[in-house]
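One structure is given here, and the rest of the page talks about it.
All chains are named by letter (A, B, ...) in the order of the sequence lines, taking the proteins before the strands, and each is independently numbered beginning at 1.
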Amino acid sequence: MEDNKDGKLMEETPVVIDVQNVKKKFRIYADGSTSLKERILFRNRRRYEDRWVLKGISFQVRQGEAIGLIGENGCGKSTTLKMLTRILYPNEGTIRMKGRVSSLIELGAGFHPDLSGRENIYTNASIFGLKRQEIDRRLEDIIEFSELEDYIDNPVRTYSSGMYTRLAFAVAINVDADILLVDEILAVGDASFQAKCFHKMQEIKAKGTTIVIVSHALDRIEQICDRTIWIEEGVIRESGLPRNVHPLYMAYMNEKNQSRAEREQRRKEGRKAAENETRRDNKERTGQKREGSGEARVEKVSIQGVDGTEKNSFSPMEPFVIHIDYTAQKKINNAVVGIAVYRSDQTYIYGTNTLIDTSAPVALEEKGQIDLKMDSLPVNNGVYSIDLALHRPDGFNYDFWKEVCRISIADKVQTAGIISVSHRWEIH
Amino acid sequence: MDTLKEIWAYRTMIHALVHKDLRGRYQASVLGFLWTFIVPLCQLLVYTVVFSVIMKSNIEKFYLYLFVALIPWNFFSSCLTAGSGCLLQQKTLVNKIYFPREVIPISFVTSSFVNMLYCEIVVIAVCIFSGIRFSLPGLLSLPLVMAVEYMLALGITMIMSAIDVYFRDMEHILGILSMAWMFLTPIMYDLSRIPKRLLPVFQLNPMTSIVTAYRDILYWGREPQLETLGAAAGMGIVFLTAGFLIFGKLKRRFSEVM
């Protein structure tokens, strides 16, 4: 149980969430009114329509696992989470949960603006089901986490919105539970607070708490979750390692966006077939490992030593260059270039992009080169794959290429662990 | 039974919601908590002026006669009217977070009840000031009367608030009902004014015996009649049980229709 990553142990950890063939429908009334007059007058001819939001989904979550639920808006992922929370109940099927469940769906529930931060901690935490002594015990932690020590006895209405969310999140995240359900609230506060929340989530996970997250932030899910479940129109479309499911989902979404954009375009301008021809051409070349609109394309990627010669094997401390040749249909002013490095077992080793590094968009000409100069890749011996992406700041992919190239790291000696550290022994 | 256990586990939430409501209500005002006492005192002042100057009644100290019955009635009527909307009022909570839904009406009724208790302090002080001599057994039975009224109010609030989620007209209907109910309860008049043959019908109204009991204790300074109080307690239990059952049936689909 200590090591959930170990496949064999995983089999033996108990199932704490068991969802079996769950279906859920909502009754949508045609006019939305339920007044007495209509109830009596139109008793037998109320117009409504049953909409099946979930059409039979089943999954199990083992203790200590972290699951991400992804999908388009309206696909049923939030409904699923609400049923796990027991706010909604399924029409068919069963849901069994073991242990204390806590849900971070609403931040700052029950906050009263005129009461002090301290008093609001009590109200808010009690709504999550904590008892008085439990809150007393956590109070220090909560206040410390919120970084509001100096303001905690002021009324909440005097807080800035950032302080407000910090307090709310501090309460929510300090509610200990066996199962934690999280809905899209990880993106609160400034960057440093976000990082703190993120670390707290990982700490909670390390303690063996089972986590289910609904989010659109795929990278967050990838960083926390062991498994992603992609829900599409009320059924599970894919389930597996986030690293494997997310590219499929992104490809699907991009295609959808593209065809929507295409439809709009056709409607607007009545474009000729030629344009579509090229698009279809683009699509054909899009393998499973590659997707994007094709407005900008990676033509060639090579890894070079500092002297400019192409090679693929380096020692851990050796500098190298990732050299990219690209083309664009027309000049793009706000592009982001990003890379990610993965180990052969799909462990995410390193990632960065131009937006993170320079916080400014990159302009892509119709044809050009990009060099990413890396001082080293200080990892242990092995073969690492590199993903490359040209995308818009909002994540829309021009060209996403999974495993575009490989780099082999070989040290003189084989040490243990993930990273490589230069070291020496001194024995006295 | 499981529900009761769960509600017990969420007692901190009930406490917090009541606390929030009572403290939050006057927090931003200058006089703050004093308003709890000022409101009933002003009410009393108005009644005193109206009934000793304009509408002279042949009942001695009519202002007090009215006051001791009106404070418990105000509690009951606020549960009936505002209480019916308490779930919809807390829509975000109900829609977003799991907790036993009973917590909401329980908190509402409890907070109104605590408010009434503060008012009762004023009532008792005024009674003493007006020269009422309480009987000890009477005073000792006052908590019992209050408990019966609490059960009754909670039962009705649970039923009405649950129905109101599905059927929003309830609030308006209850506004009218509450007014009619007030006049059908001997608050402004004496039970002796009711025609003999209608008396059994009036006795069906649980608030009749509750108001009579309050008045027996606080106005007449005597102990309440046990039979009427027993009947009220019986009805209180019936309403409370029905409240939990109906609420339990309706609560599953709350967040779907909200």
Side-chain angles (χ1 to χ4, degrees), chain A residues 24-29 33-39 53 78-79 81-91 97 100-116 119-136 155-157 172 181 183 185, chain B residues 3 5-30 32-33 88-101 103-104 107 111 163-173 176 248-258:
Chain A
K24 180 71 191 170
K25 70 174 172 192
F26 289 114
R27 187 158 285 187
I28 315 289
Y29 291 97
S33 87
T34 51
S35 75
L36 181 63
K37 185 187 84 188
E38 276 165 70
R39 284 244 165 140
V53 176
S78 289
T79 304
L81 200 72
K82 279 188 170 183
M83 285 199 288
L84 295 180
T85 327
R86 290 179 296 168
I87 292 168
L88 295 174
Y89 295 86
N91 293 94
M97 313 258 288
R100 178 176 186 166
V101 181
S102 177
S103 62
L104 309 190
I105 296 184
E106 176 80 355
L107 282 179
F111 269 22
H112 194 298
D114 290 330
L115 299 185
S116 73
E119 283 171 297
N120 273 308
I121 291 177
Y122 276 95
T123 313
N124 192 220
S126 74
I127 292 171
F128 287 122
L130 258 59
K131 299 197 180 57
R132 188 160 187 98
Q133 308 90 297
E134 292 176 305
I135 304 172
D136 287 337
V156 164
R157 85 183 120 80
L181 308 172
D183 191 358
I185 56 170
Chain B
T3 314
K5 229 185 262 170
E6 225 192 345
I7 294 170
W8 178 243
Y10 272 80
R11 60 190 180 278
T12 312
M13 178 177 176
I14 297 175
H15 179 267
L17 289 185
V18 171
H19 176 86
K20 180 179 91 166
D21 185 47
L22 290 174
R23 251 177 76 63
R25 196 178 297 179
Y26 305 117
Q27 188 68 14
S29 58
V30 179
F33 195 65
L88 287 173
Q89 199 97 54
Q90 301 282 16
K91 202 172 174 171
T92 26
L93 279 194
V94 176
N95 263 335
K96 298 280 185 167
I97 296 175
Y98 175 81
F99 52 83
R101 273 63 179 99
V103 162
I104 299 281
S107 306
S111 132
I163 293 176
D164 191 48
V165 172
Y166 296 91
F167 179 61
R168 310 275 161 103
D169 303 38
M170 208 63 213
E171 264 170 82
H172 310 293
I173 295 173
I176 300 165
K249 276 263 181 296
L250 294 178
K251 70 177 175 182
R252 279 173 77 94
R253 289 186 55 236
F254 275 171
S255 87
E256 273 172 57
V257 286
M258 269 183 175

Candidate pair B:L17 and B:S111, rule side-chain contact (heavy atoms from CB on, under 4.5 Å), full reasoning: CA-CA 8 Å; B:L17 289 185; B:S111 132; over 6 Å; no
Which one of [options] has the most heavy-atom pairs closer than 4.5 Å to chain B?
options	value
A:A125, A:P113, A:G129	A:G129
A:I127, A:L115, A:N120	A:I127
A:I135, A:L181, A:D114, A:V101	A:D114

If I take atom [atom1] from residue [X] and atom [atom2] from residue [Y], how far apart are they, to the nearest 0.5 angstrom?
X	Y	atom1	atom2	answer
B:D164	B:H172	CG	NE2	8.0 Å
B:M13	B:I104	CE	CD1	5.0 Å
A:L88	A:T79	CG	OG1	6.5 Å

Portion of [X] that has a non-hydrogen atom of chain B nearer than 4.5 angstrom:
X	value
A:L130	backbone
A:K131	both
A:K24	side chain

Pairing of B:E6 and B:K251 as salt bridge, 4.0 angstrom limit: no
When B:V257, B:I97, B:L93 are compared by non-hydrogen pairs under 4.5 Å with chain A, the top option: B:I97
Geometric class of the B:Y166/B:F254 ring pair [parallel <30°, tilted 30-60°, perpendicular >60°]: tilted
